[in-house]
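For this chain, numbers begin at 1 and follow the sequence in order. Here the structure is a predicted model, which is why all the values come from computation and not from measurement.
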Amino acid sequence: MIRTALTDVIGISHPICSAGMARVAQADLVVAVSSAGGMGCLGGVSFMPDALRAEIEKIEKGTDKPFAVNLLLPESLTTEDEQQWAPVRELWQSLSAEERTKLAGVESLLTPGAVADQVEIVLDAAPAAVVLTFATPDWFIRECKERGIKVFALVGSVGKAREASAAGVDFIVAQGFEAGGHTGYTSTLTLVPAVIDEVEQPVLAAGGIADGRGLAAALTLGAAGVWVGTRFIASPEAYGHDAFKQRVIDGRFQDTTITHSYSGKRMRAFANDWTSAWETSGDRAAGFPGQYAVAGTRVETGYQDGDLVSGMMPAGQTVQLVHEITPAARIVEEMAAQAERILRQVTPRD
């Protein structure tokens with residue numbers, strides 16, 4: 001058994017967290033990972049407030065093990081400034097009723113006040129941890145600490161790691177640009193030790209990790225655990241069309257690209273006709289979160305319909321390492337066992 005600051009503080013058996021992937025990471029995946037001894041993370045951003053409450057209750061009924069919820073709390077989503085929301089609301093209202101129904105997974109990002117309601121629901125539920133992306137507001141961290149909720153910050157640079165550390169988070173997830181979804185500019189192999197050198201908090205590694213070799217490497221770099229996304233897409237518990245999961249299995253390094261065409265922020269996703277057309281068009285993204293409305297139903301057709309032509313399918317470079325659909329619990333158990341074997345091999349004997 002591998003013990004680290006992550007396993008000891010959170011109370012889990014293996015230093016493995018499933019990423020809080022929007023849409024993909026729903027209750028079934030969270031329950032499976034947490035029950036197997038890791039920490040599953042719910043992609044809370046995908047749910048309108050009432051649906052988020054119901055999804056958390058589903059997790060609580062499915063497992064008594066620790067779990068986390070991922071939230072996005074940049075000022076652009078938490079502000080009540082009407083001037084900032086007006087362009088987003090205009091884009092949203094320009095969509096047909098059918099399109100808005102299809103886009104339920106990003107509705108909370110395009111609805112003033114929805115994120116604030118998500119915050120209240122998560123604070124009331126008091127999961128073991130909350131994982132923050134894009135921003136680490138002091139007021140929210142204080143509220144979490146008052147309730148005994150550990151706060152993780154997902155960062156893609158040393159500068160953001162310093163900010164999160166100063167804000168008082170409990171763990172920092174250093175995500176390299178190999179990762180799927182929103183990502184930065186630096187590789188995991190260089191980012192993780194650089195962040196460890198700069199902060200006092202335990203650091204998790206993310207990006208480019210799909211099996212026990214990645215876990216062992218991360219621990220050797222000094223990380224307290226790993227944050228794994230793409231590998232868990234190829235599991236029966238993950239939400240997503242079979243064609244999306246098959247795309248992950250069939251994928252190779254060169255099949256993913258960095259694009260602003262879906263969310264307005266840097267995102268690693270499978271390249272397709274939409275991402276290619278956007279890159280050559282010269283159009284400027286509407287920014288986050290307004291670009292979701294510009295991309296329209298393409299944001300959901302990858303998950304819901306298996307749309308390989310224009311649908312958004314976030315995935316990391318570890319698609320090269322994923323070869324089959326595997327139950328999430330087995331992914332956790334095999335990753336931990338393989339890492340233990342590797343670490344025994346490389347640890348000098350007395």
Side-chain angles (χ1 to χ4, degrees), residues 20-24 43-49 51-52 70-119 132-137 140 154-157 160 179-185 257-305 307 309-315:
M21 298 169 282
R23 301 299 279 136
V24 173
V45 67
S46 298
F47 299 92
M48 287 295 281
L52 176 59
N70 189 202
L71 291 176
L72 305 184
L73 299 180
E75 188 178 354
S76 60
L77 294 182
T78 56
T79 183
E80 296 182 6
D81 185 346
E82 176 59 29
Q83 279 193 320
Q84 284 192 234
W85 275 108
V88 175
R89 182 184 288 107
E90 183 178 346
L91 285 167
W92 178 250
Q93 291 176 345
S94 71
L95 301 173
S96 68
E98 183 180 357
E99 288 173 322
R100 289 198 294 270
T101 299
K102 188 85 169 181
L103 285 167
V106 296
E107 185 178 1
S108 64
L109 300 178
L110 300 168
T111 303
V115 171
D117 290 341
Q118 287 178 339
V119 165
L132 298 178
T133 306
F134 299 155
T136 50
F140 181 74
L154 184 65
V155 304
S157 69
K160 286 295 185 182
H182 293 118
T183 195
Y185 299 85
T257 188
I258 299 294
T259 181
H260 292 76
S261 64
Y262 290 113
S263 72
K265 284 185 175 288
R266 282 174 55 89
M267 174 188 291
R268 184 177 293 281
F270 280 115
N272 58 32
D273 290 358
W274 168 257
T275 62
S276 298
W278 186 269
E279 294 306 317
T280 58
S281 70
D283 291 341
R284 188 170 182 175
F288 178 87
Q291 184 65 21
Y292 280 124
V294 174
T297 56
R298 297 176 187 87
V299 173
E300 281 292 332
T301 55
Y303 300 122
Q304 295 184 26
D305 308 325
D307 175 10
V309 176
S310 62
M312 184 176 79
M313 292 183 173

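Considering every non-hydrogen atom in both A285 and G264, the closest pair reads CB-CA, 4.0 Å. Shortest non-hydrogen contact noted between S310 and D307 is OG-OD2, 2.9 Å. In this structure, G20 and N70 approach most closely via the heavy-atom pair O-OD1, 3.2 Å. Annotation for F270 and A315: closest pair CE1-CB, 3.6 Å, computed over non-hydrogen atoms.
In the displayed structure, K160 atom NZ is contacted under 6.0 Å by at most 12 heavy atoms of other residues, nucleotides or ligands.
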Return a table of donor-acceptor pairs under 3.5 angstrom between the side chains of residues 289-297 and protein atoms on other chains or two or more places apart.
residue : atom : partner : partner atom : Å
Q291    : OE1  : A286    : N            : 2.7
Q291    : NE2  : S261    : O            : 3.0

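Atom CG of L72 is separated from atom CG of L132 by 9.0 Å, given to the nearest 0.5 angstrom. With values rounded to the nearest 0.5 angstrom, M313 atom CE is found 9.5 Å from Y303 atom OH. Atoms OG1 and CG, from T136 and L154 in turn, are 11.5 Å apart once rounded to the nearest 0.5 Å. Here the straight-line distance linking atom CD of Q118 with atom OG of S46 works out to 9.0 Å at 0.5 Å rounding. Taking CD1 from I258 and OG1 from T183, the interatomic distance works out to 6.0 Å, rounded to the nearest 0.5 Å.
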> Does the side-chain contact (heavy atoms from CB on, under 4.5 Å) test come out yes or no for H260 and R266, once each step is laid out?
Replying inline: CA-CA 5 Å; H260 292 76; R266 282 174 55 89; 3.5 Å; yes
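Residues V299 and L103 form a side-chain contact, since some pair of their non-hydrogen atoms from C-beta on lies under 4.5 Å apart. Put simply, the side chain of L73 reaches to within 4.5 Å of the side chain of V115, judged on heavy atoms.
Residues meeting the side-chain contact (heavy atoms from CB on, under 4.5 Å) test with E279, sequence neighbours left out: T259. Checked against side-chain hydrogen bond (donor to acceptor under 3.5 Å, both in side chains), H182 has the following partners two or more places apart in sequence or in another chain: S263. Residues passing the side-chain contact (heavy atoms from CB on, under 4.5 Å) test with A271 are T257, T275, sequence neighbours excluded. Scored by the side-chain hydrogen bond (donor to acceptor under 3.5 Å, both in side chains) test, R298 finds no partners at all (sequence neighbours excluded). For D117, there are no side-chain hydrogen bond (donor to acceptor under 3.5 Å, both in side chains) partners at least two apart in sequence or on another chain.
Remark: side-chain polar atoms of E300 are not paired, donor with acceptor, to backbone N or O of A104 under 3.5 angstrom.
Using cut-offs of 30° and 60° on the angle between ring planes, the pair Y262 and W274 is tilted.
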